[in-house]
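To start, the structure under review is shown below, and the notes come after it.
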Amino acid sequence: MAVDKRMRAIEGDITHCTVDAIVNAANGTLLGGSGVDGAIHRAAGRELLAECMTLGGCDTGEAKATKAYRLDARHIIHTVGPIWHGGGQGEARKLASCYRRCLETAVALGDRTIAFPAISTGAYGYPAAEAAMLAVSTVDACLRSYGPETIASVSFVCFDRRTFEMYESVLSNKR
Ligand code: ADP
């Protein structure tokens, strides 16, 4: 079956994206970390940390929004992906929940264009190809409930060429 054409893969740094909502692959404290989380906090500025300190953390598979400060977006949606433990501890269900909850949060805020990083595939060790397939199939299923006036585009922002090619292949194989 063809996947929804509102999804696309791009190669680059998510902090340079101009969208309504930029998704952050955070940790449960929401107080910043390495990888994309560190890059987002550095680019957004220290006010982001101040707002995050008021949120009381976030559970795995859940999402919480903040303002975007110096990023060219309306909001940052912070989500906490699962740590990969071999796949037998509900990792796929939790990762799918991240994508769903981020989309629900964006819709609730009136954000129509969203950029996702490859959640859990860095420090958290989720196998990249499996994560890409799950991201595309989960977002695709969600988009069936959201018309283009609600969600106009979903960008999967890939930090390296290999991840980009993986997403391209998942998106094109299903088209
Ligand atoms: P996690 O802890 O959820 O695994 P990481 O930040 O370690 O989060 O990695 C998630 C993905 O984000 C990895 O594919 C990593 O290469 C990518 N990444 C790191 N920095 C950026 C960035 N500035 N823009 C987009 N993706 C990034």
Side-chain angles (χ1 to χ4, degrees), residues 7-46 48-49 52 55 57-103 105-106 111 113-139 153-171:
M7 291 187 286
R8 72 187 67 141
I10 57 175
E11 189 180 350
D13 181 334
I14 202 164
T15 65
H16 297 161
C17 284
T18 301
V19 284
D20 293 334
I22 289 177
V23 173
N24 180 19
N27 59 53
T29 69
L30 297 185
L31 300 181
S34 59
V36 71
D37 193 9
I40 284 175
H41 275 268
R42 275 193 301 279
R46 292 199 58 81
L48 173 61
L49 180 60
C52 284
L55 297 179
C58 183
D59 290 336
T60 301
E62 280 300 324
K64 289 188 180 178
T66 63
K67 291 190 266 186
Y69 300 99
R70 286 194 228 144
L71 298 186
D72 195 7
R74 297 178 66 213
H75 299 100
I76 299 167
I77 300 177
H78 307 264
T79 189
V80 182
I83 297 172
W84 180 256
H85 291 293
Q89 296 192 26
E91 290 95 330
R93 178 178 52 77
K94 291 172 190 165
L95 186 58
S97 171
C98 288
Y99 285 95
R100 268 196 302 273
R101 295 290 297 129
C102 285
L103 287 169
T105 303
D111 291 344
T113 57
I114 304 164
F116 280 102
I119 301 164
S120 282
T121 65
Y124 281 4
Y126 205 110
E130 287 179 34
M133 283 188 277
L134 185 127
V136 169
S137 61
T138 304
V139 172
S153 74
V154 175
S155 303
F156 295 108
V157 183
C158 308
F159 204 43
D160 56 74
R161 174 52 51 144
R162 220 178 122 252
T163 307
F164 172 72
E165 284 169 357
M166 226 170 259
Y167 270 94
E168 282 284 271
S169 116
V170 175
L171 288 165

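For ligands, and for the atoms within them, numbers begin at 1 and follow the listed sequence.
Side-chain contact check for Leu103 versus Val154: some heavy-atom pair is nearer than 4.5 Å. Between Ile114 and Cys102 the shortest side-chain heavy-atom distance does not fall below 4.5 Å. Side-chain contact check for Phe156 versus Val136: some heavy-atom pair is nearer than 4.5 Å. Between Thr79 and Arg101 the shortest side-chain heavy-atom distance does not fall below 4.5 Å. Counting heavy atoms from C-beta outward, His78 and Cys52 have side chains that approach closer than 4.5 Å. Contact annotation: the side chain of Leu31 approaches that of Leu49 to within less than 4.5 Å [non-hydrogen atoms, C-beta and beyond].
Remark: side-chain polar atoms of Lys64 are paired, donor with acceptor, to backbone N or O of Leu55 under 3.5 angstrom. Using modelled atom types, one side-chain atom of Glu11 and one backbone atom of Arg161 make a donor-acceptor pair closer than 3.5 Å.
Polar contact check, Thr121 against ligand 1: a nitrogen or oxygen pair lies under 3.5 Å apart. For the pair Ile14 and ligand 1, the shortest N or O to N or O distance falls below 3.5 Å. Taking distance alone, with nitrogen or oxygen atoms compared against 3.5 Å, Val157 stays at or beyond that limit from ligand 1. Taking distance alone, with nitrogen or oxygen atoms compared against 3.5 Å, Ala123 approaches ligand 1 more closely than that limit. Of the polar atoms of Thr163, none of the N or O atoms is found under 3.5 Å from an N or O of ligand 1, judged by distance alone. Here's the thing with Asp37: none of its N/O atoms is less than 3.5 angstrom from an N/O atom of ligand 1. Below 3.5 Å of separation, one finds no N or O of Thr15 facing any N or O of ligand 1. Between Val36 and ligand 1, at least one N/O pair is under 3.5 Å apart.
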For residues 115-132, run the donor-acceptor check on the side chains, cut-off 3.5 Å, and write out each pair with its distance to 0.1 Å, sequence neighbours left out.
residue: Ser120; atom: OG; partner: Pro82; partner atom: O; Å: 2.8
residue: Thr121; atom: OG1; partner: Ala118; partner atom: O; Å: 2.8

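Ligand-side atoms of ligand 1 in range of Ala39: 23 (N), range being under 4.0 angstrom from any heavy atom. Here is the list of ligand 1 atoms found below 4.0 Å of a heavy atom in Ala118: 10 (C), 11 (C), 14 (O). The distance from ligand 1 to the heavy atoms of Asp13 drops below 4.0 Å at these ligand atoms: 22 (C), 23 (N), 24 (N).
Ranking protein heavy atoms by distance to atom 8 (O) of ligand 1, first place goes to Ala25 CB, 4.0 Å. Summary of contacts: the protein heavy atom closest to atom 4 (O) of ligand 1 is Gly122 N, 2.8 Å. Summary of contacts: the protein heavy atom closest to atom 3 (O) of ligand 1 is Ser120 N, 2.9 Å. Ranking the protein heavy atoms by distance from atom 16 (O) of ligand 1 puts Phe159 CB, 3.7 Å first.
Heavy atoms of Gly81 come nearer than 4.0 angstrom to ligand 1 in no pair at all.
Note on residues 27-41: pairs passing side chain to side chain donor-acceptor pair (under 3.5 Å), not counting sequence neighbours, are Asn24-Asp37, Asn27-Thr29.
With distances taken over non-hydrogen atoms, the option nearest atom 2 (O) of ligand 1 out of Tyr124, Phe116, Trp84 is Tyr124.
Here Leu71 contributes atom CG and Ile22 contributes atom CD1; the two are 4.5 Å apart, rounded to the nearest 0.5 Å.
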